[in-house]
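Structure, as structure tokens:
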Amino acid sequence: MTAVILAIASAAVSCRKAEPIPPPDKEHVAGGEAGTVKGFFLLNEGNMGSNKATLDYFDYTDGFYMSNIYADRNPDVALELGDVGNDLGIYGGNLYAVINCSNLVEVMDARTARHKAEIQIPNCRYMAFDKGYAYISSYAGPVDINPEYRRGIVVKVDTLSFQIVDTCTVGYQPEEMVIVSGHLYVANSGGYMAPDYDSTVSVIDLDRFEVVKTIEVAPNLHQMKIGGDGMIYVSSRGDYYGYQSATYIIDPASGTVVRELPLLQNSDMAVYGDSIYVISHSWSNITMDYQTGYAVFDTRSQVTVNRNFITDGTEKEITTPYCIAVNPDNGDVFITDAKDHVTPGMIHCYGQDGVRKWSAVTGDIPSHIAFTTQRLSDL
């Protein structure tokens, strides 16, 4: 059986090499204005089961947006990136892409986007990096909506050898994570257990690599960010009925929830200085509709200072706001539009004045952005 599998895999690679690989689509969208940040990578999820996760790149120096660069730079990799891109990050000169349903983390050289390693982790979700290690949250099993589902894990990976060195059991269906003062905070969703979602944050002592505290927050937790005030901001998707999507503040010093942000539904968020940019596109099973918004929360004054940071009316052209990111160098705000989830999406760049600078066509379901301080090299 092993020989047959190897033969099939070998044939797939051979066929992949023989196929003509079209060059990436390249579109000039902006003038050259590179600062410390030279560009960014964008990971497109691709619809589940379609094996269509793709990687795009924008270059600030020449103003070109290139879509689907991975196949062109990795002609020997069978099946390209895989099924459902779920997270993207740069650490130690390497670009890491979490490919959820393909059960792997793809490691590339951040300067060339060429394949370096593959780390196999079942149903992997999100990443955090610290002191030479990558921490990857995992559902620890296949996609399976089941109230009896097992607890999730966080996998510890050495970023020099790309080998798994340890695992730690956390809550159910863990999602995003942040690291504060030697502790890893993990948002547990319980997404496979609806309507009885998990509502906790697991706190892992990284020296001991074990859970030392569990914080009760709200149902169906998703994202975590560290604000300019040092607090942890965690989003809840809610239960789509009585519990609406919301954002909560955890004080890492006390390990307690200190505040819920009223009326700040949260589909995705990004931190820029003392501001947290939040986009909302949240479904309610009560109204049977989505609620959409674009807000800015000031962590100093602890108030929502803007309910719609887009000032030129172009938010009307965005069908399904999906991802938000802010260039830490110049404050450019990027919003992606997943549209109908099965056809190419869009990315829109806004200045700090809320006026759109440019737009470009992406892959299917554009979902994660990683800024880079080095330009992507030519092949």
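- In summary, the aromatic rings of Y322 and H341 are positioned with their centroids under 6.0 Å apart.
- The two atoms that bring G152 and P174 nearest to each other are CA-CD, 3.6 Å, heavy atoms only.
- Nearest heavy atoms, R125 versus V98: O-CG1, 3.5 Å.
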Please lay out, stage by stage, how I69 and L376 fare under the test side-chain contact (heavy atoms from CB on, under 4.5 Å).
-> CA-CA 11 Å; I69 67 171; L376 183 68; 3.8 Å; yes

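- For the 3.5 Å distance criterion, the side chains of E80 and N74 fail to qualify, holding no donor opposite an acceptor.
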Quick one: do D109 and R111 satisfy salt bridge (Lys or Arg N to Asp or Glu O under 4.0 Å)? Show the steps, please.
-> CA-CA 5 Å; D109 186 304; R111 185 175 290 276; 5.7 Å; no

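- A donor-acceptor pair shorter than 3.5 Å cannot be found between the side chains of T362 and D56.
- Taking 4.5 Å as the limit, every side-chain heavy atom of N86 sits out of range of all side-chain heavy atoms of I99.
- The nearest pair of heavy atoms linking Y60 to V37 is CD1-O, 3.8 Å.
- Under the 30°/60° scheme for interplanar angles, the aromatic rings of F129 and Y96 are found to be tilted.
- In the model, T54 has no side-chain atom that pairs as donor or acceptor with a side-chain atom of N68 under 3.5 Å.
- Taking the side chain as every heavy atom from C-beta outward, D198 and L221 never approach each other to under 4.5 Å.
- Geometrically, K225 does not engage Y233 in a cation-pi contact defined by less than 6.0 Å to the ring centre and at most 45° from the axis.
- Environment of CD in Q120: sparse, with no more than 12 heavy atoms of neighbouring residues, nucleotides or ligands closer than 6.0 Å.
- Side-chain atoms of P195 and D239, non-hydrogen and from C-beta on, never get closer than 4.5 Å to each other.
- Remark: K156 is positioned above the aromatic ring of F209, its terminal NZ or CZ atom under 6.0 angstrom from the ring centre and at most 45 degrees off the axis.
- Comment: K357 engages E33 in a salt bridge, judged by a side-chain N to carboxylate O separation of less than 4.0 angstrom.
- Y172 belongs to a hydrophobic cluster with M193, counting contacts under 4.5 Å between side-chain heavy atoms of Ile, Leu, Val, Met, Phe, Trp and Tyr, direct or through other members.
- Once rounded to the nearest 0.5 Å, the distance linking NE2 of H183 with CG of D130 reads 12.0 Å.
- Distance check, rounded to the nearest 0.5 Å: CG of D340 to CD1 of I365 gives 9.0 Å.
- The minimum heavy-atom distance between P252 and I232, with the atom names listed, is CB-CD1, 4.2 Å.
- Contact annotation: the side chain of T304 never approaches that of V296 to less than 4.5 Å [non-hydrogen atoms, C-beta and beyond].
- In this structure, the ring of F58 has its center less than 6.0 angstrom from the ring center of W358.
- A 4.5 Å side-chain heavy-atom check between I335 and F309 finds at least one atom pair inside the cut-off.
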Verdict with supporting geometry, Q244 and Q265, side chain to side chain donor-acceptor pair (under 3.5 Å) = CA-CA 7 Å; Q244 296 297 308; Q265 293 191 330; 3.2 Å; yes

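- The shortest distance between side-chain heavy atoms of N44 and L55 does not fall below 4.5 Å.
- Hydrophobic clustering of Ile, Leu, Val, Met, Phe, Trp and Tyr side chains at less than 4.5 Å, counting indirect connections, keeps Y350 apart from M346.
- Separating the CG atom in N47 from the CG atom in D364 is a distance of 7.5 Å, to the nearest 0.5 Å.
- Here the OG-CG distance, from S102 to L79, works out to 8.0 Å after rounding to the nearest 0.5 Å.
- Between L261 and Y248 there is no side-chain heavy-atom pair separated by less than 4.5 Å.
- Note: the hydrophobic cluster containing V361 does not contain I347 (ILVMFWY, side chain heavy atoms under 4.5 Å, direct or indirect links).
- When hydrophobic clusters are built by joining Ile, Leu, Val, Met, Phe, Trp and Tyr residues whose side-chain heavy atoms come closer than 4.5 Å, directly or via intermediates, I90 is grouped together with L81.
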Show your reasoning for whether side chain to side chain donor-acceptor pair (under 3.5 Å) applies to Y70 and E106.
-> CA-CA 11 Å; Y70 184 85; E106 166 72 11; 2.7 Å; yes

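- Taking 4.0 Å as the cut-off between side-chain N and carboxylate O, R375 and D59 count as a salt-bridged pair.
- For the atom pair NE2 (H348) and CG (D337), the distance works out to 5.0 Å, reported to the nearest 0.5 Å.
- Closest heavy-atom contact between P24 and S67: CB-O, 3.2 Å.
- Connection of V211 to V178 is not established within any shared hydrophobic cluster, with ILVMFWY side chains joined at heavy-atom distances below 4.5 Å, either directly or through further cluster members.
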Assess whether side-chain contact (heavy atoms from CB on, under 4.5 Å) is satisfied between V143 and N123, documenting all intermediate values.
-> CA-CA 7 Å; V143 175; N123 214 334; 4.0 Å; yes

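- Ring centroid separation for the pair Y139 and Y149 does not come in under the 6.0 Å cut-off.
- Between I136 and C124, the closest heavy-atom pair is CG2-CB, 3.8 Å.
- In terms of the side chain to side chain donor-acceptor pair (under 3.5 Å) criterion, Y57 has no residue partners (sequence neighbours excluded).
- Under the 4.5 Å side-chain heavy-atom criterion for grouping Ile, Leu, Val, Met, Phe, Trp and Tyr, V203 is not connected to V154 through any hydrophobic cluster.
- Ring orientation note: the planes of F334 and F371 are tilted relative to one another, at an angle of 30° to 60°.
- Not counting sequence neighbours, E27 has no partner by the side chain to side chain donor-acceptor pair (under 3.5 Å) test.
- Donor-acceptor pairing under 3.5 Å is lacking for the side chains of N327 and D329.
- Around the CZ atom of R259, the shell of radius 6.0 Å holds more than 12 heavy atoms that belong to other residues, nucleotides or ligands.
- Note that OH of Y133 and CG of D158 are 5.5 Å apart. Values are rounded to the nearest 0.5 Å.
- E317 has a carboxylate O that lies under 4.0 Å from a charged side-chain N of R356, or vice versa, which qualifies the two as a salt bridge.
- Inter-residue side-chain proximity for T292 and P321 is flagged as met; some heavy-atom pair is nearer than 4.5 Å.
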